Amino acid sequence: MALLPILCYPDPKLHTVAKPVAAVDARIRSLIADMFETMYEAKGIGLAATQVNVHERLIVMDISEGRDVPLVLINPKILWASPETHLNEEGCLSVPGIYDGVRRSDAVKVDALDGEGRQQLIEADGLLAVCIQHEMDHLMGKVFVEYLSPLKRNRIKTKMLKALREDRP
């Protein structure tokens with residue numbers, strides 16, 4: 001297993017639309033393991049392959065307190081989203097230190113493959129539903145700050161670019 005570098009906003013690669021995973025093979029299983037290691041190390045609850053510069057439809061997440069209920073979604077599709085929504089405080093490993101409100105459906109039903117390539121149907125609400133919608137946005141090339149006003153988004157972009165410059169020698 002290996003830690004993978006996480007792309008940071010406003011990296012244009014974060015806007016790449018992911019392609020379907022062709023086969024759940026040894027390469028994908030290795031990527032899943034690396035993504036879990038990367039997500040846990042970064043103290044995140046979800047990570048899309050897009051965020052580690054792999055543009056395939058793969059998500060790992062674990063919203064459990066004990067960090068012991070890993071969930072893998074390969075080629076996920078939202079079959080249904082509740083019309084009821086809530087404003088949720090969101091953060092993102094690709095936008096470190098930034099949190100803001102994003103309106104999401106309260107519940108979703110998702111069809112996806114698991115880490116072994118088996119079909120699974122997931123009915124999610126609460127934090128899991130929010131996390132699934134957030135990570136699926138990444139697969140579509142969308143970062144949560146794009147839901148914010150242009151003023152907020154530009155401030156975040158400026159802050160992230162400044163942090164990037166300060167990290168470089």
Side-chain angles (χ1 to χ4, degrees), residues 2-24 27-28 30-63 71-79 81 85-105 108 110-113 115 122 124 127-168:
L3 290 177
L4 304 170
I6 298 172
L7 298 174
C8 281
Y9 181 80
D11 192 313
K13 292 184 280 280
L14 286 168
H15 299 295
T16 305
V17 175
K19 296 185 176 6
V21 170
V24 181
R27 179 186 68 84
I28 290 297
S30 176
L31 176 60
I32 289 167
D34 291 347
M35 286 175 62
F36 270 118
E37 184 178 357
T38 302
M39 180 191 77
Y40 288 135
E41 178 68 24
K43 309 228 180 320
I45 61 169
L47 186 67
T50 302
Q51 294 176 270
V52 294
N53 204 23
V54 176
H55 303 287
E56 295 180 74
R57 295 185 58 77
L58 168 62
I59 295 167
V60 300
M61 56 183 78
D62 186 345
I63 64 164
L71 179 63
V72 175
L73 302 178
I74 298 172
N75 298 334
K77 292 181 197 78
I78 292 180
L79 303 176
T85 63
H86 272 93
L87 194 62
N88 304 284
E89 179 98 342
E90 291 187 25
C92 181
L93 295 176
S94 291
V95 195
I98 304 294
Y99 300 89
D100 213 317
V102 177
R103 186 162 291 282
R104 303 262 188 203
S105 291
V108 293
V110 179
D111 180 38
L113 301 178
I122 297 166
L127 180 58
L128 182 57
V130 170
C131 191
I132 288 170
Q133 292 170 82
H134 176 107
E135 299 307 333
M136 285 187 69
D137 274 354
H138 280 298
L139 300 180
M140 297 308 299
K142 190 168 187 175
V143 181
F144 90 98
V145 297
E146 293 172 52
Y147 288 99
L148 308 178
S149 71
L151 179 63
K152 276 187 179 179
R153 198 168 45 247
N154 284 332
R155 284 183 178 159
I156 291 167
K157 186 175 184 178
T158 300
K159 182 176 182 176
M160 298 303 294
L161 288 170
K162 183 177 183 223
L164 191 63
R165 281 193 305 273
E166 289 171 355
D167 280 351
R168 291 191 181 144

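Every value quoted in this text rests on a predicted model; they were computed, and no experiment measured them.
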Note to self: Check the orientation of His134 and His138. Use parallel for under 30°, tilted for 30 to 60°, and perpendicular for over 60°.
What the structure shows: perpendicular
Grab the two heavy atoms, one from [X] and one from [Y], that are nearest each other, plus how far apart they are.
| X | Y | result |
| --- | --- | --- |
| Gly101 | Leu87 | C-CD1, 3.7 Å |
| Met160 | Pro10 | CB-CD, 4.2 Å |
| Ser105 | Ala81 | OG-CB, 3.5 Å |
| Gly115 | Ile32 | CA-CD1, 4.0 Å |
| Gln51 | Ser94 | NE2-OG, 3.1 Å |
| Ala2 | Thr38 | O-OG1, 3.8 Å |

Kindly indicate whether the side chain of [X], heavy atoms from C-beta on, has any atom under 4.5 Å from the side chain of [Y].
| X | Y | value |
| --- | --- | --- |
| Ile6 | Pro96 | no |
| His86 | Val130 | no |
| Phe144 | Asp137 | no |
| Asn53 | Asp11 | no |
| Met136 | Ile59 | yes |
| Asp100 | Val145 | no |
| Arg165 | Leu161 | yes |
| Ile98 | Cys92 | no |

Gap between atom [atom2] of [Y] and atom [atom1] of [X] - 0.5 Å precision:
| X | Y | atom1 | atom2 | answer |
| --- | --- | --- | --- | --- |
| Leu71 | Phe36 | CG | CZ | 7.0 Å |
| Thr50 | Leu139 | OG1 | CG | 5.0 Å |
| Asn88 | Cys131 | CG | SG | 11.5 Å |
| Glu56 | Ile28 | CD | CD1 | 4.5 Å |
| Lys13 | His55 | NZ | NE2 | 7.5 Å |
| Met61 | Leu47 | CE | CG | 9.5 Å |

Margin query: Pair Leu113, Val21 - check side-chain contact (heavy atoms from CB on, under 4.5 Å), show working.
Written below: CA-CA 10 Å; Leu113 301 178; Val21 170; over 6 Å; no
Note to self: Would Ile45 and Leu127 count as a side-chain contact (heavy atoms from CB on, under 4.5 Å) here? Give the steps.
What the structure shows: CA-CA 10 Å; Ile45 61 169; Leu127 180 58; 3.9 Å; yes
Next item on the list: From the options Val52, Leu14, Leu93, Thr16, select the one residue that forms a side chain to side chain contact (heavy atoms under 4.5 Å, CB included) with Leu7.
Entry: Leu14
Margin query: Check whether Arg57 reaches the backbone of Ala18 with its side chain - one donor and one acceptor, N or O, closer than 3.5 Å.
Written below: no
Note to self: For the residue pair Lys142 and Tyr147, would you count it as a cation-pi contact if the rule is NZ or CZ under 6.0 angstrom from the ring centre and within 45 degrees of the ring axis?
What the structure shows: yes
Next item on the list: For Glu41, look at atom CD and say whether over 12 heavy atoms of other residues, nucleotides or ligands are found less than 6.0 Å away.
Entry: no
Check: Would Met35 and Leu4 satisfy side-chain contact (heavy atoms from CB on, under 4.5 Å), going step by step from the backbone distance to the final call?
Finding: CA-CA 7 Å; Met35 286 175 62; Leu4 304 170; 4.0 Å; yes
Item checked: Gln133 and Val102: CA distance, side-chain angles, deciding distance, side-chain contact (heavy atoms from CB on, under 4.5 Å) verdict -> CA-CA 11 Å; Gln133 292 170 82; Val102 177; over 6 Å; no
